[in-house]
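Inspection log for the structure reproduced underneath, given as structure tokens.
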Amino acid sequence: MANPALQSGERALLQVASNEDGPCIAMGPSLNFVDTQLPALLQCLANMNRWAQAVPCQALRVTPGGPTELWVTDENGRMTPGHFTVVARSGTSNLISPVQPYGQPLYPGSGALRRLGTSIPRIPYVWVGTIENPIGEGRYLTPCIGNRHYFIYDGLLETNPGKRGLDCTTFVTSAFDVHAAYSSGAGAFGDGSKVADCLSAQPCDLEGTEANPGVTGADLELFFAENLEGEFIIWKPGKHCMMVIRGALLEYNVAPVWGFRETPVKTFLASHPNTRYVVRALPGTVAIHPIGSAGRRRPVPAGARAVARGRNRRRGGGGNGKTYTVVSGDSLSLITGRLGATCCCGPSCMTPTARLSALTPT
């Protein structure tokens, strides 16, 4: 438009798809995008199913009443028809739309993990590097915008369909909707302990030592045999982050199957008997000492505690197993009886803000 200043009674609309039937969103007097317009813009793209492609857009200067019917989408995604007189039109500019979002609920995360991993269209594992040494570079999911979760990376909505995917860490942090808190931590990426902190997961005395962190897969087989109803985060220190939900190990991984996998935890650990892993329990579980049928401890690491869901609290055959209920915010001294321990609460989840510059017509 030659003169961008609006006259009395005029308003500016952005027409998405630049044709007579294209939906519109209302622009403010400054003709700049603001964050409250993002849901309306994304709803227009959703209504047309235009993902990961160049969408021509143009600005319209209009006055109420007239021969042209336009549908205007508000910030809540509602489309309202109206009749207008088009005073002027801008030239068209292409908006590169984001990749197709994920349309299912996320939280609570334990239920969302399997839905996320098996969704259609498939969400692949995203990586860089080589086949021999792949490095996860997964995108993560925004909080809900118009009943959808969008793939985002470094604060920008992802537009490259080849990058519409997750890695082992963003699979967990996205499903539990805690990625903003996770990514705000210094040096957090690739660190299972930081993910556990964001989930307020509690130690189970399976941390190992600083020099030799974690517990072997062979020992963990015994631990999980006592805790088939538990929910845990498990990770290979410095390498790989997974979840164990009621006996099923859920993960995003590389070859031979790139992407989501679900394996019985017993089968997985039997295949990795000498690999060391750290395990922590999700809040709301009950920890018990694994006790043999004759009342003797099984050969698990010293002080190891098993964790089961609170509604299925049970004791070992010996009848003298200690129990406690893990509650988010409990101190370690309360849980383990150790003096001077600190709280393991994760940081508060902060909503990430997509940068509108990624969606501004060029």
Side-chain angles (χ1 to χ4, degrees), residues 99-127 136-153 157-158 163-185 188-202 229-236 239-254 257-263 265 268 277-285 307 309 328 346-352 354:
V99 298
Q100 183 174 346
Y102 175 69
Q104 297 294 321
L106 285 180
Y107 197 80
S110 60
L113 286 164
R114 190 174 284 106
R115 289 197 305 268
L116 182 59
T118 58
S119 67
I120 302 296
R122 176 177 169 269
I123 302 175
Y125 186 97
V126 174
W127 59 282
E137 196 181 59
R139 277 44 186 158
Y140 54 97
L141 296 176
T142 66
C144 193
I145 304 175
N147 297 320
R148 302 174 188 87
H149 299 272
Y150 289 83
F151 290 84
I152 193 171
Y153 188 76
L157 294 173
E158 183 57 65
K163 297 293 186 179
R164 183 189 184 272
L166 304 167
D167 59 31
C168 68
T169 303
T170 64
F171 170 56
V172 175
T173 58
S174 291
F176 283 83
D177 201 13
V178 297
H179 194 87
Y182 169 73
S183 62
S184 66
F189 290 95
D191 189 339
S193 66
K194 297 291 195 307
V195 180
D197 288 344
C198 290
L199 299 178
S200 296
Q202 302 290 345
E229 295 300 311
E231 297 188 353
F232 308 87
I233 179 171
I234 174 173
W235 70 93
K236 184 179 178 181
K239 294 290 185 179
H240 186 48
C241 179
M242 303 164 285
M243 300 296 294
V244 176
I245 306 297
R246 292 178 289 282
L249 186 138
L250 309 177
E251 61 174 329
Y252 256 69
N253 211 334
V254 294
V257 179
W258 293 78
F260 176 73
R261 299 184 204 171
E262 179 174 347
T263 311
V265 67
F268 177 88
Y277 301 96
V278 178
V279 177
R280 293 186 189 174
L282 298 190
T285 57
V307 182
R309 293 174 64 85
S328 176
S348 300
C349 181
M350 299 177 64
T351 302

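This chain uses plain numbering: 1 for the first residue, then up along the sequence.
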* Asked: Quick one: which of L106, V195, L113, I233 gives a side-chain contact (heavy atoms from CB on, under 4.5 Å) with F176?
  -> L113
* Option passing side-chain contact (heavy atoms from CB on, under 4.5 Å) with F232 (candidates L282, I245, V279) -> V279
Minimum-distance pair of heavy atoms, taken over all atoms of [X] and [Y]:
X    : Y    : value
A175 : A112 : O-CB, 3.9 Å
R115 : P105 : NH2-O, 3.0 Å
P101 : R148 : CG-CD, 3.6 Å
R280 : A201 : CB-CB, 3.8 Å
N253 : Y125 : O-CD1, 3.5 Å
F260 : R114 : CZ-CA, 4.3 Å

Say you draw a straight line from [atom1] of [X] to [atom2] of [Y]; how long is it, rounded to the nearest 0.5 Å?
X    : Y    : atom1 : atom2 : result
L199 : K194 : CG    : NZ    : 13.5 Å
E137 : T169 : CD    : OG1   : 12.5 Å
I123 : Q100 : CD1   : CD    : 9.5 Å
W127 : K163 : CH2   : NZ    : 9.5 Å

* To do: Could you walk me through whether R139 and E158 pass salt bridge (Lys or Arg N to Asp or Glu O under 4.0 Å), step by step?
  => CA-CA 8 Å; R139 277 44 186 158; E158 183 57 65; 2.7 Å; yes
* Verify side chain to side chain contact (heavy atoms under 4.5 Å, CB included) between M242 and C168, making sure each step is shown before the conclusion. => CA-CA 7 Å; M242 303 164 285; C168 68; over 6 Å; no
* **Residues that Y252 engages under ring pair (Phe, Tyr, Trp, His ring centres under 6.0 Å), provided they are two or more places apart** => F171
* Asked: Relative to each other, are the rings of Y140 and H179 parallel, tilted or perpendicular (30° and 60° limits)?
  -> parallel
* **L166 backbone acceptor or donor facing T170 side chain under 3.5 Å** => no
* **Donor-acceptor pair, side chain of S174 and main chain of L141, under 3.5 angstrom** => yes
* To do: Start with the C-alpha distance between L157 and V99, add both sets of side-chain angles, then the distance that settles side chain to side chain contact (heavy atoms under 4.5 Å, CB included), and finish with yes or no.
  => CA-CA 8 Å; L157 294 173; V99 298; over 6 Å; no
* Asked: Hey, does C198 have a side-chain heavy atom less than 4.5 Å from the side chain of T173?
  -> no
* Take M243 and I234 through the test side chain to side chain contact (heavy atoms under 4.5 Å, CB included) and record every step on the way to the result. => CA-CA 6 Å; M243 300 296 294; I234 174 173; over 6 Å; no
* Under 6.0 Å from the CZ atom of R261, do we count more than 12 heavy atoms belonging to anything else shown? -> yes
